[in-house]
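Numbers here are sequence positions counted from 1. Ligands are counted one by one from 1 in listed order, and the atoms in each one are counted from 1 as well.
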Amino acid sequence: MDRILVVNAGSSSVKFQVFALDSRGEPVRQIKGQFDGIGVHPQLRVKDASGQVLIERNYAADQIGDVGAALVTAGAWLRETQNITPIAVGHRVVHGGPKYSAPVLINSHVIDDLDDYAPLAPLHQPNNLAPIRAIKAQMPDLPQVACFDTAFHRNHGALADHYAIPEKYYDEGVRRYGFHGLSYEYIATQLPVVAPAVASKRVIVAHLGSGASMCAMKNGRSVESTMGFTALDGLPMGTRPGQLDPGIVLYLIEQKGMTVAQVQKLLYGDCGLKGLSGISNDVRELQSSSDSRAQFALDYFVYRIGLNAGLLAAALGGLDAFVFTAGIGENSPIMRARIAATLQWLGGAIDAKANEGGASDIASGQSRIGIYVIPTDEELMIARHTATILKPLQKSPRVAAG
Ligand code: ADP
């Protein structure tokens, strides 16, 4: 059976999943794995589709020194114990820059382009490229596909993707890109199934995880996003501030004497819920804390989501539905209820029982808009894209032999 490996690499961890292609070519998840603590306390944990643990093993730091070594070890384990040799690898790549508005088969030109976009996502892009290079070095004939977090937003109109700065910067790539595109694209494919009445209408999707953003969709296509040039803008997140007056960055550099690296660390790692509360970036911990700073951080999160919902509703010229997704959106009825309360002026009202009971349609009978909870699946989206790109290639005998 043909299998696709999906890779989502961070700085010290790499998540991977294996999908089998069924008789219609639709990917079906078989395996979910993760290498954590790479270079420090490496640990491999893998589960099958039913959630049963297949391996949980620790390694010495020098055995798994980087993401490439982690993938080679995971690949050997898949081959030797599960008899799995993928026919292709799909990668989550945060930035496709101005050029890539769709997934692409990777070759050395594509790698060069993606390397050029590293300054646009300095903390993510190099980590996304590391496993691509490691696999290419080991298995140069194995097809690899890059799927971008920016791609779903690339058809934004000029008003939505510009900053009011001299045009020469736009030309060189300083644009409002938007991120979490694979998640939004998956939700767009689910809307006709879960919410057919609103799928072609004006919908705000709130991807609320450790990174958080919202997307305004019309007819299943992104027209506006709360995120912009980097994944720092828009909503406050676990450790990122969201929207910030750029004058604050100048203040930190000029008046506080901070270096660029220090400002970068502050903005990506020490702000958001963590910075505001001084306690945690995790909504679960903040929800169970009686500390007033924890409550303030959550109040702020809810308030900014409400403000940004107004902004996106304006971009859409009204609202027909609001969708919650990702870690917080899928799992926290308390946060959903609080956020829904900020949508009252747009006609939103939730049914408490449906919200607490884990239903997907959580709007009350009085609500003038649909309100839904739809679990996202970025990895399945990557597997689907990879399978689609692979189809014409499979006619070539080299790839068919896998
Ligand atoms: P990412 O994939 O961006 O790391 P997730 O989408 O997994 O993030 O979301 C992670 C966040 O979801 C956690 O930081 C936590 O705050 C939140 N979360 C997960 N489960 C719950 C829950 N049951 N209640 C409240 N928040 C939750």
Closest by any non-hydrogen atom to [atom]: pick that one out of [options].
| atom | options | answer |
| --- | --- | --- |
| atom 4 (O) of ligand 1 | Gly329, Ser210, Ser288 | Ser210 |
| atom 27 (C) of ligand 1 | His180, Glu330, Met335, Arg284 | Arg284 |
| atom 23 (N) of ligand 1 | Asn8, Thr239, Asn331 | Asn331 |

Inset, instruction - Please say whether Lys15 places an N or O atom under 3.5 Å from an N or O atom belonging to ligand 1. - result: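 N/O-N/O distance below 3.5 Å does not exist for this pair.
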Legend entry - Any N/O pair Val283/ligand 1 closer than 3.5 Å: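 Yes; the residue has a nitrogen or oxygen that sits under 3.5 Å from a nitrogen or oxygen of the ligand.
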Legend entry - Exercise: do Thr325 and His207 side chains pair donor with acceptor under 3.5 Å: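 Looking only at side-chain atoms, His207 and Thr325 do not form any donor-acceptor pair under 3.5 Å.
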Inset, instruction - Consider only side-chain N and O atoms of Ser289 and Asp291, and report whether a donor and an acceptor are under 3.5 Å apart. - result: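 No.
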Legend entry - Close aromatic pair by centroid cut-off 6.0 Å: His95 and Tyr177: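 Ring centres of Tyr177 and His95 closer than 6.0 Å.
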Legend entry - Within 6.0 angstrom of Arg221 CZ, more than 12 heavy atoms from elsewhere: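 No, not enclosed.
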Inset, instruction - Please could you name the atoms of ligand 1 that Gly211 approaches to less than 4.0 Å, counting only its heavy atoms? - result: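 Those atoms are 3 (O).
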Inset, instruction - For the pair Asp161 and Arg176, find out whether any cationic side-chain nitrogen is under 4.0 Å from an anionic carboxylate oxygen. - result: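 The answer is no: the pair does not qualify as a salt bridge.
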Inset, instruction - Side-chain contact test, heavy atoms from C-beta onward, threshold under 4.5 Å: evaluate it for Val205 versus Met214 and give yes or no. - result: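 No, side chains not in contact.
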Inset, instruction - Give the residue and atom name of whichever protein heavy atom lies nearest to atom 6 (O) of ligand 1, and the separation in Å to one decimal. - result: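 Its nearest protein heavy-atom neighbour is Gly327 N, 2.9 Å.
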